[in-house]
Amino acid sequence: MKHWKKLEAVVLMWLLVVCLGSVVVRSDAQPIQPRESAVPYVVSNGRWVQVGTSEIELQIDEAGHPVGLFDKWNGQALPLSSRLPWWRLLWDGGEISLSSQALEAEFSIVTQGVTHKGRWTWRSQDPLVTVETFVWPETDGGLCLTYVVTNGELQPLKQVYFPMFMGLPRDRGGYIAFPERLGRKIDLADFELQVAGGPGHLSMQMVGAKIGPSALLSYPEDPTGHFRFLWATDEGSADSPAFNLFWENRDWILPKECYSPPFAYRLYVLPRADLRGIAEAYREWAIQQPWYVSWEEKTAGNPLIGRVLNGVVKMTGFEGIGGSDPSGRVYWPWEQKQADSKVLTYDYERFLNVARNLERRYRVKPAYRYDGWYGRFDSRYPDYFPVDPQLGDFDQFIATNNAEERLVYLHTNPIQYDYDAPSYDSRKMAMWQGKFSGGVWSHNRLLVGSPRLIREYEVRAERE
């Protein structure tokens with residue numbers, strides 16, 4: 001079974017690269033019948049708002065909560081929880097609770113050629129924080145969603161959760177698929193459904209969900225890849241007939257700032273409720289982006305890539321996990337960090353021996369990702385770039401791999417400095433909006449350092 005799940009994950013990623021059951025109806029949501037239309041529309045009867053196209057309709061109640069999706073390809077209603085909004089705001093003190101809310105339907109007529117479309121707006125009105133959410137239909141059959149947050153608080157807002165689709169039917173034959181690492185396909189029937197795809201692991205920022213005969217696709221139209229997480233959770237227990245699907249945006253909205261992301265989120269229902277249908281629909285957007293490069297263009301620039309047929313093997317120069325902490329994540333206090341930080345795992349000699357043995361024994365030709373660390377998440381333990389002199393002769397290491405036609409890429413990250421480290425110097429730390437840029441990871445306060453902290457041999461290696 002484990003091997004089959006791994007195979008499904010590999011198939012998912014392959015489809016994304018190449019193509020770039022029954023439904024439980026919740027008693028608290030009673031979707032109205034969809035409006036039949038061949039063009040985008042926004043209509044209201046005073047109690048309900050319907051935003052839709054010839055393929056999909058989103059239904060919103062008088063409180064401003066989305067309560068249902070209608071898949072017109074399959075004639076299926078997908079109820080949503082009417083108890084929950086489709087956004088949340090977090091700051092260091094917890095969740096922002098808006099004291100008053102107002103629903104305002106705004107029908108802005110926009111001309112695109114001969115097509116007229118409306119836009120529905122929901123506004124919260126609070127003395128300190130204002131949230132506006134927008135949804136409008138597009139001529140390609142999908143919906144666009146975005147938000148504006150005005151922060152009147154005296155501290156930054158850390159996260160904006162949007163869009164949040166809460167209470168989707170959790171049918172036994174359904175799954176969630178997204179391109180984390182080699183790709184993940186999560187059965188909706190899994191016990192205690194709680195999965196997250198982080199920004200360092202999502203090769204593409206998109207998610208697909210199969211619910212009965214319906215397939216949903218959600219992604220941000222964001223070619224620069226803002227810092228965000230993708231979440232899929234149950235509603236508190238494995239017995240719940242519903243699940244939640246949402247995006248967590250690390251927007252860091254400063255006091256007195258009015259922020260709107262420079263992109264919108266797309267939502268589609270698809271005619272093909274399978275992995276290939278999800279991949280092909282996302283590919284339509286991806287191939288238009290400035291970073292898109294075809295496989296033929298990639299291999300023309302580096303013929304070795306075309307010979308890598310067996311995935312990627314990751315090795316790390318130093319181990320950063322271990323020690324006396326039962327959690328296994330020992331990075332503080334400072335004395336413990338020093339004790340656990342410089343354990344050699346794959347120096348250059350061992351890297352070469354393992355790679356040669358792997359290729360000879362299994363007759364494979366993979367690519368290799370080589371990290372200088374593992375578990376420390378930057379903070380210069382031991383280096384952000386795997387060229388520490390303790391690992392061996394870097395020039396000879398590269399020359400040997402080239403001679404043996406082995407494709408190795410060296411993992412880099414922004415330099416982050418450990419606030420507790422004796423070498424920490426606040427005068428050399430990077431500033432953003434007048435404040436140190438950083439965060440907390442595994443009990444450590446990490447701050448982004450100045451590029452001047454990079455050592456000369458690291459710069460030389462990166463240029464090579």
Side-chain angles (χ1 to χ4, degrees), residues 44 47 49 51 58 60-67 80-108 119-136 143-167 196 199 220-222 224 226-231 233 235 244-265 267 419 429-441 445-448:
S44 173
R47 183 165 176 253
V49 176
V51 183
L58 179 65
I60 304 159
D61 68 11
E62 65 271 21
H65 299 167
V67 295
L80 300 168
S81 174
S82 61
R83 306 186 308 272
L84 301 169
W86 53 7
W87 58 268
R88 290 175 63 204
L89 300 178
L90 266 65
W91 58 309
D92 279 338
E95 185 171 353
I96 293 288
S97 178
L98 300 182
S99 59
S100 61
Q101 301 173 352
L103 175 66
E104 180 178 326
E106 176 185 280
F107 302 97
S108 303
R119 183 178 71 175
W120 178 83
T121 305
W122 180 86
R123 289 188 175 91
S124 73
Q125 296 176 342
D126 185 271
L128 294 178
V129 178
T130 300
V131 179
E132 292 181 283
T133 60
F134 307 90
V135 57
W136 65 93
L143 301 178
C144 282
L145 309 97
T146 191
Y147 58 93
V148 176
V149 176
T150 303
N151 181 16
E153 292 279 2
L154 298 179
Q155 60 177 298
L157 297 175
K158 296 173 63 176
Q159 287 128 278
V160 178
Y161 291 84
F162 181 90
M164 302 179 70
F165 298 103
M166 315 294 282
E221 293 185 305
D222 175 20
T224 59
H226 280 61
F227 192 74
R228 67 172 62 81
F229 288 80
L230 167 69
W231 284 94
T233 68
E235 290 207 315
N244 308 316
L245 194 63
F246 55 91
W247 293 92
E248 173 192 338
N249 308 281
R250 302 293 181 92
D251 291 327
W252 197 257
I253 304 171
L254 296 175
K256 310 303 180 185
E257 181 183 6
C258 179
Y259 176 81
S260 178
F263 52 83
Y265 286 86
L267 177 66
Y419 182 78
M429 306 316 292
M431 302 287 285
W432 181 69
Q433 301 279 357
K435 298 179 181 294
F436 291 133
S437 180
V440 175
W441 189 270
R445 184 182 177 193
L446 305 179
L447 300 176
V448 177

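FYI, side chains are in, hydrogens and waters are out, and symmetry mates aren't considered; it's all heavy atoms of this structure.
With values rounded to the nearest 0.5 angstrom, His65 atom NE2 is found 11.0 Å from Met164 atom CE. Taking CG of Leu90 as the start and CD of Glu248 as the end, the distance is 8.0 Å to the nearest 0.5 Å. Distance check, rounded to the nearest 0.5 Å: CG of Leu128 to OG1 of Thr150 gives 11.5 Å.
Evaluation of the ring-ring contact (aromatic ring centres under 6.0 Å, His included) rule for Phe162 yields Trp86, Tyr147 as partners, not counting sequence neighbours. Every side chain to side chain donor-acceptor pair (under 3.5 Å) that Asn244 has, sequence neighbours left out, goes to Thr233. The side chain to side chain donor-acceptor pair (under 3.5 Å) test applied to Ser260 returns no partner, not counting sequence neighbours. In this structure Arg228 satisfies the side chain to side chain donor-acceptor pair (under 3.5 Å) test together with Gln205, Asp222, Asn249, Tyr265, sequence neighbours excluded. For Tyr161, the ring-ring contact (aromatic ring centres under 6.0 Å, His included) test picks out Phe246, with sequence neighbours left out.
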### Task
Begin with the C-alpha distance, continue with both residues' side-chain angles, and end with the deciding distance and a verdict on side chain to side chain contact (heavy atoms under 4.5 Å, CB included) for Trp247 and Leu230.
CA-CA 5 Å; Trp247 293 92; Leu230 167 69; 3.9 Å; yes
### Message
Please evaluate residues Val149 and Asp251 with respect to the criterion side chain to side chain contact (heavy atoms under 4.5 Å, CB included), reporting the C-alpha separation (whole Å), side-chain torsions for both, the decisive distance (0.1 Å), and the verdict.
### Response
CA-CA 10 Å; Val149 176; Asp251 291 327; over 6 Å; no
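Residues Pro163 and Leu145 approach most closely at CB-CD2, 4.4 Å, considering heavy atoms. Closest of all the heavy-atom pairs between Cys144 and Glu221 is SG-OE1, 4.5 Å. Annotation for Pro261 and Thr146: closest pair CG-OG1, 3.6 Å, computed over non-hydrogen atoms.
Counting heavy atoms from C-beta outward, Leu80 and Leu58 have side chains that approach closer than 4.5 Å. Side-chain contact between Ile60 and Val135 is present, with at least one heavy-atom pair separated by less than 4.5 Å.
Side chain of Asn151 to backbone of Ile253: a donor-acceptor contact under 3.5 angstrom is found.
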